Structure formats: C-alpha cells, structure tokens
Amino acid sequence: MAKFLTNREENYSQWYNDLVIKADMAENSAVRGCMVIKPYGYAIWEKIQAELDKMFKATGHVNAYFPLFIPKSFFSREAAHVEGFAKECAVVTHYRLKNSPDGKGIVVDPEAKLEEELIVRPTSETIIWNTYKDWIHSYRDLPLLINQWANVVRWEMRTRLFLRTTEFLWQEGHTAHATREEAQEEALKMLNVYADFVENFMAVPVTKGVKTESEKFAGAIDTYTIEMLMQDGKALQGGTSHFLGQNFAKAFDVQFTNREGKLDYVWATSWGVTTRLIGALIMAHGDNNGLVLPPKLAPIQVVIIPIYKGNEQLDTISSIALDLKAQMEEAGLTVKYDNRDTQKPGFKFAEYELKGVPVRLAIGPRDAQEGTVEVARRDTLTKETIRKEEVVQHVKALMNDIQQNIFRKAAEFRKMKTYKADTWEEFIDIIENRGGFVMAHWDGTPETEEEIKNLTKATIRAIPFDTQDEEGTCILTGKPSHRRVMFARAY
RNA sequence: CGGGGUAUAGCGCAGUCCGGUUAGCGCAUCUGGUUUGGGACCAGAGGGUCGCAGGUUCGAAUCCUGCUACCCCGACCA
C-alpha cells in the first residue's frame, strides 16, 4: 500500500502535495470535501474516460447532457429513491445576492427566493426520466441508450480523499427498453464492460455479483457490482449497474405503445463509475516509491532522462533521445523526454517513479559511446542495459509485460486474501486480523446482515455470480444457507 | 451529530506544561559558485500580524474565556 496515502507519519507531504495527484480537499470550509485534481491526476482520468467512452460507443451508446439542477419535487416521485438520497442533497434556495444593508459585504437577497428549491444532482435518474417522458412514445423510440459525463454532489457526512468526495466526476448511463429481458441484459452487459475495463486497463481483478436488498441502489430492482480488493485488505466498490425495472417509468409516467398497440411502461437501467477509480488505481498498485500505473492508462508511458556534463554531451545525448522518442511514438507509445537542466538525474528518477511512469530510459555519455540505453521498469524497479537498436521492440514488449505483471500481482494478492469461514470465530478472526474477502454462508435475511455489520463492520459486498451452490449454515444464526456470499470491510 | 486530536513561513514540525532578548528547525524558494550514472554540496538571502476575538500581566505563541476551522474514529456512502 502506498505509504504516501496511508501513512501520514511519514513526511511524504512535499511530494504528495506538489506532485502527483493532489486530489487534496479544498481548504475553504464551504467546499469541504471537494477535490482539486492536479493536471497529472486529471490526465489519468482523461485516459480512463477515453477508454470507457470507446467501450460505451462500441456497445451502441451515445453521449448527451442533462441539467445540473433538479427540481425538488422530482425526487419525491420515486419513493425508494428519495429515501436513499434525501439525506445528502445540496439545495439551492435563492438565485441572487445583494449588498448587505449594513454595508458589510454581501448577503443572500431574501427577495430572490426560489419558488421551488433546486437540488444539485446527486445522480440524474429523475431529471433524465422526466425528459425521457417526452422522448419515448413508441417501441420505435426504443431502446434509448444514453450516457452522460458529468459531476455530481453528494453531501456525505464524512469524506475520504479520492474515495468519497463531496463533488465527484463520473459517467452515468441511462437506458430505456421495451422489455424486461432487454433491460436486464443491458444492465449485465454494462457490468461486464466495467469488469473488462477494470481488469484489462486498470489491471485490477474484480468480483462480479449482485448486491443484497439493503446494499442496492435506491430505486433499483437489482444492483450489480464489481468489487475490488485494496492492498490494505479493504474492499472497494468500483462500479455499479442497476436494473431499475419500471420504477422510474412509473414515477415519471413514461409509457410507450408496443408492437401489439398496447400501452406499457418502459424498462430501465442505469450504471456509473467515478473518479474513485483513480483512488482504486493508487491503492491497488502503489508502493513505497509512489504510484504504479498500468501502461494502458499511464499519461506518460516512457520517460527518457539524459545524464550529461556540459552542453556538448547534452547535444549528443539529445539527438539519440529524440531519435528514440520519434521511433517509439511511431510505434504508438507516449514518450516524454525530460531534458530539464534544473533537476539532476537522480531527482528525476525519483519523480517519475512517484508518478508511476511504467518505463524509464536513461542515456549517459557511456551509453552514447557504446550505443546502449539503460531501461528501468517501474513495477519491479529493475534495470537493464539494452542496445539502442533494440529499444523500441523491447519497450513495446515491456508495456505488455508490465500490464500483465501488475494484474497478476493484484490477482495473487486477492487470491491470498480470499478466505472461507465456516464458524463465527473464524469469521471474526479473519475480519479483525487479516482483512480481505471472506466467503461465508448467510441466512439471507437483512436482519442477520445488519447484525453482522454491527458486530464486525463487515458488509456483504456481493453475492458473486461465479460461486457454486453449496449447502451450509449461516455464520451467525446457524440457519440453513445454499450459497456463500462475499463479506469484507469496505471503503 | 458523538468521541479524540490539531491550528506557529509554501509544506512538515519544535517551542506552550513552567509567560521574559530580535519566534526556531528541516524541506521548498531566490542569488553566486562547484556539480550531474539514484532525491547534490558550499556560501548567502527572502519569507511569520504564532487560527479568530476578548481577558489577565510591566510583558502572551505560551495562562484564562469564547468562537472558528481542519484531521482521525463512528453513524452515512460511488
């Protein structure tokens, strides 16, 4: 686990603040819990966006944009939804300020009170379904497959850097279908898109499953989830996809004429992932030297650092470096040549390790003379000397190696940290002392789930898709159970 | 909202118990020089109304009162 994220005793703050991701909380109390994402961190988000967006398009989705503000009354249309979100809404009550009558500063103009308060969206189901009402009349208008890239606000009681910020960036897909089957299929399809993305691009293994009644999205029939395991043994919910049934269609009266000429309510899904994925990346792969980014998402894949004395040497080395850079770019790699004269090589080495750049090339006078390059990989921190002519091929291969290696490391870690518990004592021991995922029997009742949570802080992260039916007895109550579910302490 | 903690330079801290020169240290910044194959070194410089408001005192970063903010733990959650 990255020291600079978890160990505040260590003096990593200089780096932590100045450099990498600086998702630091804004200091002004009025924007408490909101994050500033510095350029490098945002570049990672842009990579995530770009790859996901391609996958959405490839599955037939298009992007659109809906309003930030949602009339308060929209929320109360769907009972479970309002129940779930009411406690964490930012509310706009006025639309104007004026000079304070006492001459000191500026105050909210009481004259400018809104007739109906506006909610800053915590999620957009309501405003979108209010719009879909006008867009959908016939089976010919379906399916409607729309995604939105946006920011949302949830006034959580407690925020956590990256993982739970007051404002966060995300994408939310909202689809409408003619049949139940089609909507269910869509919800699962998008869950699989997320799982593919997280495993193949982020190099983090996921467990796919369905949420329990008490953990599911407010307003959903079923919530599907991908769960990841972080290096500190805690679970992180990486993305969710909801089968919403006809709940929102009924709440917003979205009916269509089907092929038989009869009126029916539309079937819906929604699904989203957030900037939390950046946090997942850090906590799944980071080490004591900083980030370890998977090559497929690294804003800089290769950095070249010259080692030289004087301008003459620099010129020689630069021409080699720029030539290599051009070749690698030709081969599709993102390359940075850092010829800053203001920092020494050792400083740069440390800096790019902290940034998680997968491969570093160093070229010095010795290399210039011998036609070699020093190649260092971030995941293993190993170095080797390669002939200049072989560098492009070698680095290209390294991209694959590193991508696979960090996935394998994460997968091995997860395997090691996934336990079976058959007794309450075992269960407590694992949760308290070892962390990780615990596969255990549960009697299926929300009461037992709640009790286990109160006793251990562990929750049911998912009822995984890939577990076998198995007879057993509930870890807490001893009542019969037909299947194990996955418990963990979670972020 | 409950429990605990903190507030001193851009960042991280010491000093506060036991009031007393001009409030220190590390990193960062700037200047000059020497350096450059793993976070350079030497010399010098700049940067503070000690969270805010009162009070006690000849004298307050230090003691007292009130306030505010932030952090950690919990309830809540992507």
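Fair warning: this is a prediction, and the values are worked out from it, not measured in the lab. Hydrogens, waters and symmetry mates play no part in the numbers below; they use all other heavy atoms, side chains included. So you know, we letter chains A, B, ... as the sequences are listed, proteins then strands, and number each from 1.
- B/G55 and B/C72: their C1' atoms are spaced 32 Å apart (whole Å).
- For A/Phe243 and A/Tyr224, the distance between ring centers is not under 6.0 angstrom.
- B/G19 and B/U56 are spaced 11 Å apart, taking the C1' atom of each and rounding to whole Å.
- Remark: the separation of the P atoms in B/A53 and B/C1 is 25 Å, to the nearest Å.
- Across the protein-nucleic acid pair, A/Leu314 atom CG and B/U36 atom P stand 14 Å apart, rounded to whole Å.
- Both distances falling under 3.5 Å, in either a Watson-Crick or a G-U wobble arrangement, place B/C58 opposite B/G20.
- Between the CG atom of A/Leu277 and the P atom of B/A78 there is a distance of 14 Å, given to the nearest Å.
- Rounded to whole angstrom, the span from the CG atom of A/Leu361 across to the P atom of B/G38 amounts to 16 Å.
- Closest to the side chain of A/Lys344, from the set B/G37, B/G38, B/A78, is B/G37.
- Distance check on atom C1': B/U62 versus B/G4 gives 23 Å, rounded to whole Å.
- Base pairing annotation: B/U29 forms a Watson-Crick or G-U wobble pair with B/A45, both donor-acceptor distances under 3.5 Å.
- Relative to the ring axis of A/Phe437, A/Lys417 does not place its NZ or CZ within 45° and under 6.0 Å from the centre.
- At B/C76, one or more side-chain N or O atoms of A/Lys453 fall inside 4.0 Å of OP1 or OP2 (strictly under the cut-off).
- The side chain of A/Phe349 sits closest to B/G38 out of B/G38, B/A78, B/G37.
- Between the side chain of A/Glu351 and the base of B/G38, no donor-acceptor pair under 3.5 Å is found.
- Protein atom OH of A/Tyr352 is 15 Å distant from nucleotide atom C1' of B/G38, rounded to whole Å.
- A/Glu227 comes within 4.0 angstrom of nothing in the nucleic acid, heavy atoms only.
- An OP1 or OP2 oxygen of B/C76 is reached within less than 4.0 angstrom by no side-chain nitrogen or oxygen of A/Lys87.
- Heavy atoms of A/Gly272 sit nowhere under 4.0 angstrom from any nucleic acid atom.
- In this structure, A/Lys325 forms no cation-pi arrangement with A/Tyr337, as its terminal cationic atom is not both closer than 6.0 Å to the ring centre and no more than 45° off the ring axis.
- The side chain of A/Pro345 sits closest to B/G37 out of B/G37, B/C76, B/A78.
- Comparing the P positions of B/C52 and B/A69 gives a spacing of 15 Å, expressed to the nearest Å.
- Taking atom NE2 on A/His242 and atom P on B/A78, their separation rounds to 8 Å, with Å as the unit.
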Hey, mind stepping through A/Glu353 and A/Arg360 against salt bridge (Lys or Arg N to Asp or Glu O under 4.0 Å) and telling me if it holds?
-> CA-CA 9 Å; A/Glu353 275 165 16; A/Arg360 178 188 74 229; 3.0 Å; yes

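- Distances from the side chain of A/Arg154 to the nucleotides B/G37, B/U36, B/A78 place B/A78 closest.
- Nucleotides B/G38 and B/U21 place their P atoms 47 Å apart, quoted to the nearest Å.
- Counting non-hydrogen atoms under 4.0 angstrom, A/Lys348 reaches nothing in the nucleic acid.
- Nearest-nucleotide mapping onto RNA chain B: of A/Lys216 and A/Arg360, the residue sitting toward the 5' end is A/Arg360.
- Applying the Watson-Crick and G-U wobble criteria (two distances, each under 3.5 Å), B/U34 pairs with B/A40.
- Remark: B/C1 base-pairs with B/G74; criterion is Watson-Crick or G-U wobble with both hydrogen-bond distances under 3.5 Å.
- Counting distance only, with no hydrogens placed and no angle test, the side-chain atoms of A/Lys383 and the base atoms of B/G37 include no donor-acceptor pair under 3.5 Å.
- For A/Ile307 and A/Arg461, each mapped to the nucleotide of RNA chain B holding its nearest heavy atom, the one lying further toward the 5' end belongs to A/Ile307.
- With C1' as the reference atom, B/U34 and B/C70 are 44 Å apart, rounded to whole Å.
- Residues A/His174 and A/Phe66 keep their aromatic ring centres 6.0 Å or farther apart.
- Counting to the nearest Å, the P atom of B/C76 and the CZ atom of A/Phe217 are 18 Å from each other.
- Comparing B/G74, B/U36, B/A78 against the side chain of A/Lys309 picks out B/U36 as the nearest.
- Residues A/His81 and A/Phe75 place their aromatic rings such that the two centres sit under 6.0 Å apart.
- When both pairing distances are held under 3.5 Å, B/C52 makes a Watson-Crick or G-U pair with B/G66.
- The salt bridge (charged side-chain N to carboxylate O under 4.0 Å, His left out) search around A/Glu117 returns A/Lys72, not counting sequence neighbours.
- At a threshold of 4.0 angstrom between heavy atoms, the contacts of A/Glu374 include nucleobase atoms, whether or not backbone atoms are also involved.
- The CH2-C1' distance, from A/Trp170 to B/A78, rounds to 7 Å in whole Å.
- Using a 4.0 Å heavy-atom cutoff across all strands shown, A/Thr274 reaches at least one base atom of the nucleic acid.
- Within the cation-pi definition used here (under 6.0 Å to the ring centroid, within 45° of the axis), A/Lys208 does not qualify as a partner of A/Phe465.
- Comparing B/G24 with B/U49, their P atoms are spaced 15 Å from each other, to the whole Å.
- Rounded to whole Å, the distance from CZ on A/Arg366 to C1' on B/U36 is 13 Å.
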